[in-house]
Amino acid sequence: YQGADADYIKVTDGTNVTIENNNLITSNTVTVPANNTEVVLDGGNIDVTVPASVTSEGDEYRIEVSNENTTTNTAGETNVSFDLKLYKNGTAVIGGTTTYEVALNIGVGKIISSVTHNGTALTKADTGADQTYKYDSATGVLTIYTNSFSPFEIIYSNPIAKVGNTEYGS
């Protein structure tokens, strides 16, 4: 498949696929073993948790991560952007009332400047509510809570000074 376009590759056996030219990562298809079972989908550096409250035995879930890009802006901050799609039984999950967890490890001790979903700023909160995020600086895991899937962007920096438990950016 080297040099092939992603439009011409179809995966039917549920294996992980990475296509570097088009930057597409597809998770394994996970079949829900019993009603009300939480499902965690591994998309490489990005995981999605489907809450148990919406799963039914036999449902099949998978995610696609594409256009993943990491750059440095003029202020020296790191910009991480990616498109994320969740599929249930082969159909894209567009939106609704269910809030999903999107987790990625950006590294320990970062200072978060902004987290956006489809261009809209998310609120930092440890509530698990839709359109919020939390960051655990000890583990490096940033968790986004969302009920829809589309482009995400995270901008962060490394601290340049630490006094006690307080870290300061540039």
Side-chain angles (χ1 to χ4, degrees), residues 1-32 38-51 54-55 59-75 77-107 110-125 128-136 139-157:
Y1 296 102
Q2 188 170 0
D5 190 298
D7 292 339
Y8 300 103
I9 299 174
K10 183 175 182 181
V11 178
T12 57
D13 66 353
T15 51
N16 279 330
V17 173
T18 302
I19 302 168
E20 291 182 25
N21 293 348
N22 292 327
N23 197 10
L24 172 69
I25 299 170
T26 302
S27 73
N28 285 339
T29 297
V30 175
T31 302
V32 178
E38 182 177 88
V39 174
V40 178
L41 302 162
D42 179 5
N45 187 43
I46 300 168
D47 295 338
V48 174
T49 300
V50 179
V54 298
T55 63
D59 283 348
E60 293 183 340
Y61 288 91
R62 70 179 173 86
I63 57 173
E64 285 182 0
V65 180
S66 61
N67 300 316
E68 191 173 359
N69 193 23
T70 302
T71 59
T72 303
N73 66 23
T74 56
E77 297 173 310
T78 301
N79 294 39
V80 177
S81 60
F82 57 92
D83 291 334
L84 179 63
K85 293 180 182 174
L86 171 68
Y87 292 88
K88 178 181 179 181
N89 298 323
T91 302
V93 174
I94 304 299
T97 59
T98 302
T99 300
Y100 302 88
E101 285 185 16
V102 176
L104 63 153
N105 192 321
I106 62 170
K110 305 298 182 190
I111 297 172
I112 308 297
S113 296
S114 69
V115 178
T116 61
H117 175 215
N118 205 21
T120 301
L122 303 185
T123 303
K124 183 179 181 180
D130 180 43
Q131 302 305 297
T132 63
Y133 74 93
K134 69 178 180 179
Y135 172 64
D136 184 334
T139 65
V141 175
L142 176 79
T143 305
I144 298 169
Y145 299 95
T146 183
N147 67 9
S148 63
F149 295 88
S150 55
F152 292 89
E153 181 179 39
I154 298 113
I155 300 175
Y156 65 87
S157 61

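Sequential numbering from 1 along the given sequence is applied to the chain's residues.
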If I take atom [atom1] from residue [X] and atom [atom2] from residue [Y], how far apart are they, to the nearest 0.5 angstrom?
X	Y	atom1	atom2	answer
Tyr145	Thr123	OH	OG1	13.5 Å
Ser113	Tyr156	OG	OH	11.0 Å
Leu84	Ser150	CG	OG	8.5 Å
Arg62	Thr29	CZ	OG1	6.0 Å
Ile155	Asn79	CD1	CG	4.5 Å

Is there a side-chain contact between [X] and [Y] in this structure, where contact means two heavy atoms from C-beta onward sitting under 4.5 Å apart?
X	Y	answer
Val39	Asp59	no
Tyr133	Ile154	no
Tyr135	Ile106	yes

Go through Thr146 and Gln131 one step at a time and tell me if the side-chain hydrogen bond (donor to acceptor under 3.5 Å, both in side chains) criterion holds. CA-CA 5 Å; Thr146 183; Gln131 302 305 297; 3.2 Å; yes
Would you find a donor on one side and an acceptor on the other, under 3.5 Å apart, between the side chain of Asp130 and the backbone of Asn147? yes
Counting only N and O atoms by type, is there a donor-acceptor contact under 3.5 Å from the side chain of Asn89 to the main-chain atoms of Glu60?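 The answer is yes, because a donor-acceptor pair under 3.5 Å joins these two groups.
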Which heavy atom of [X] sits nearest to which heavy atom of [Y], and what is that distance?
X	Y	answer
Val54	Tyr61	O-OH, 3.6 Å
Leu86	Leu41	CD1-CD1, 3.5 Å
Asn69	Thr71	ND2-CG2, 3.7 Å
Phe82	Glu68	CB-CA, 4.0 Å
Val141	Ala103	CG1-CB, 4.1 Å
Asn105	Gly107	OD1-N, 2.8 Å

Can I get a per-line list of side-chain donor-acceptor pairs under 3.5 Å for residues 91-102, giving both atom names and the distance, sequence neighbours left out?
none

Atom NZ of Lys85 with >12 non-hydrogen neighbours under 6.0 angstrom: no
Please tell me whether Glu77 and Thr72 have a donor and an acceptor in their side chains that are separated by less than 3.5 angstrom.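 There is no such pair between these side chains.
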Report the residues that fulfil salt bridge (charged side-chain N to carboxylate O under 4.0 Å, His left out) with Lys134, sequence neighbours left out, ordered by chain and then residue number. Asp126
Could you list the residues that satisfy salt bridge (charged side-chain N to carboxylate O under 4.0 Å, His left out) with Asp136, not counting sequence neighbours? none
Decide side-chain contact (heavy atoms from CB on, under 4.5 Å) for Thr132 and Leu122; before the verdict, give the C-alpha distance in whole Å, the side-chain angles of both, and the deciding distance to 0.1 Å. CA-CA 5 Å; Thr132 63; Leu122 303 185; 5.9 Å; no
